Amino acid sequence: MKFKTHRFQSIDSTSKYALEQYEALENFAVICAGKQTAGKGRKGRVWVSTDTGNLYFSLLIKTPPVQTTEMSGIPQLMALAVHQTLLQTGVKNSWIKWPNDVFVDDRKICGILCESRFTGSKIAALVIGVGINVNASQKSLALIDTPATSMLNETLSDTPYDIDELLHFILNIFAESFEQWLQPAKKASFAREWRAASRLIGKVVKLIDADTEIIGTVRDFSVNGEIILQTDKGPQKFCYGDLSLQMI
Ligand code: BTN
């Protein structure tokens with residue numbers, strides 16, 4: 001996997017650019033920006049990106065060699081790459097909140113937005129947009145409307161993280177896992193990795209998926225990144241949704 005990085009000092013949204021330009025861009029193009037003026041989050045939310053010193057990038061994968069049923073595994077491989085990077089760069093207590101948010105205890109440190117373009121029934125482009133609070137100060141974190149933290153805030157270091165180094169670190173881990181995940185014999189190990197990175201096994205959660213709300217106990221994750229819930233109708237698999245923990 002050969003990445004080609006395109007850097008912008010400022011852009012509206014790296015994911016918007018990748019989706020608009022995917023035909024002209026290379027496979028595995030990485031669009032990276034110092035700041036974004038219109039950062040997008042999941043469910044139409046805003047991703048606050050006006051601060052420099054954080055990581056904002058989107059990875060384009062053209063015609064990914066997967067079935068649509070397997071697609072949700074790809075952004076989760078990215079969540080795993082971010083989680084592993086955090087642990088290897090001094091941030092403790094990182095975990096993945098399915099589908100692909102990365103938290104440090106109860107504060108979010110990274111969000112991932114996965115968008116696609118189809119030609120007919122074929123996936124023409126997958127864009128994985130990643131936002132990581134890297135060097136954000138406590139003051140700017142306080143402006144985010146949900147509890148948030150940054151790498152610098154967690155390590156209490158005086159030296160800011162190098163954004164480019166961090167990007168390379170994450171992309172290298174992602175590339176290795178993606179290649180392994182595409183091999184049927186190696187795929188099974190990823191369900192184990194997601195289980196180990198999750199704090200949700202055995203917890204009762206509410207999953208909001210389009211118009212439905214399902215309550216169930218988290219049993220496991222599939223090799224394709226689906227969550228398996230024990231519900232009153234038996235075990236059910238979901239590939240997408242927003243989770244909230246139930247206080248039962
Ligand atoms: C979320 O948790 O809601 C997902 C946030 C994703 C933010 C990243 S920052 C880089 C890329 N460009 C965007 O506009 N959004 C994603």
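If you read the sequence from its start, that first residue is 1, and numbering goes on from there. As the structure lists them, so they are numbered: ligands from 1, and atoms in each ligand from 1. None of these values were measured; they are calculated from a predicted model.
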Please list the nearest protein heavy atom to [atom] with its residue and the distance rounded to 0.1 Å.
{"atom": "atom 5 (C) of ligand 1", "value": "Trp47 CE3, 3.4 Å"}
{"atom": "atom 3 (O) of ligand 1", "value": "Arg42 N, 2.7 Å"}
{"atom": "atom 15 (N) of ligand 1", "value": "Lys40 O, 2.8 Å"}
{"atom": "atom 12 (N) of ligand 1", "value": "Gln36 OE1, 2.9 Å"}

Any chance the side chains of [X] and [Y] put a donor and an acceptor closer than 3.5 Å?
{"X": "Gln36", "Y": "Thr14", "result": "yes"}
{"X": "Gln230", "Y": "Gln236", "result": "no"}
{"X": "His6", "Y": "Glu26", "result": "yes"}
{"X": "Asp12", "Y": "Thr37", "result": "no"}

Which ligand 1 atoms are under 4.0 Å away from a heavy-atom of [X]?
{"X": "Gly41", "value": "1 (C), 3 (O), 4 (C), 5 (C)"}
{"X": "Thr14", "value": "10 (C), 11 (C), 12 (N)"}
{"X": "Gly39", "value": "14 (O)"}
{"X": "Asp101", "value": "2 (O)"}
{"X": "Ser13", "value": "12 (N), 13 (C), 14 (O)"}
{"X": "Ser15", "value": "11 (C), 12 (N), 13 (C), 16 (C)"}

Any nitrogen or oxygen of [X] lying under 3.5 Å from a nitrogen or oxygen in ligand 1? Just yes or no.
{"X": "Lys108", "result": "yes"}
{"X": "Arg45", "result": "no"}
{"X": "Tyr56", "result": "no"}

Does the Trp98 side chain pair with the main chain of Gly225, one donor and one acceptor, at a distance under 3.5 Å?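 Between the backbone of Gly225 and the side chain of Trp98 there is a qualifying donor-acceptor contact (under 3.5 Å).
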Distance-only, no hydrogens or angles: does the Lys40 side chain make a donor-acceptor pair with backbone N or O of Ser15 under 3.5 Å?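 It does not hold such a pair.
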Are more than 12 heavy atoms from other residues, nucleotides or ligands located less than 6.0 Å from atom NZ of Lys16?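 Atom NZ in Lys16 is not crowded, with 12 or fewer foreign heavy atoms closer than 6.0 Å.
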Show the numbers, then the answer: is there a ring pair (Phe, Tyr, Trp, His ring centres under 6.0 Å) between Phe8 and Tyr17? CA-CA 11 Å; Phe8 292 85; Tyr17 181 88; 5.0 Å; yes
Return the orientation label for the Phe3 and Phe28 ring planes: parallel under 30°, perpendicular over 60°, tilted otherwise.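 Perpendicular: the ring planes of Phe3 and Phe28 meet at over 60°.
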Any Ser58 heavy atom less than 4.0 Å from ligand 1: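 The answer is yes, since Ser58 has a heavy atom less than 4.0 Å from ligand 1.
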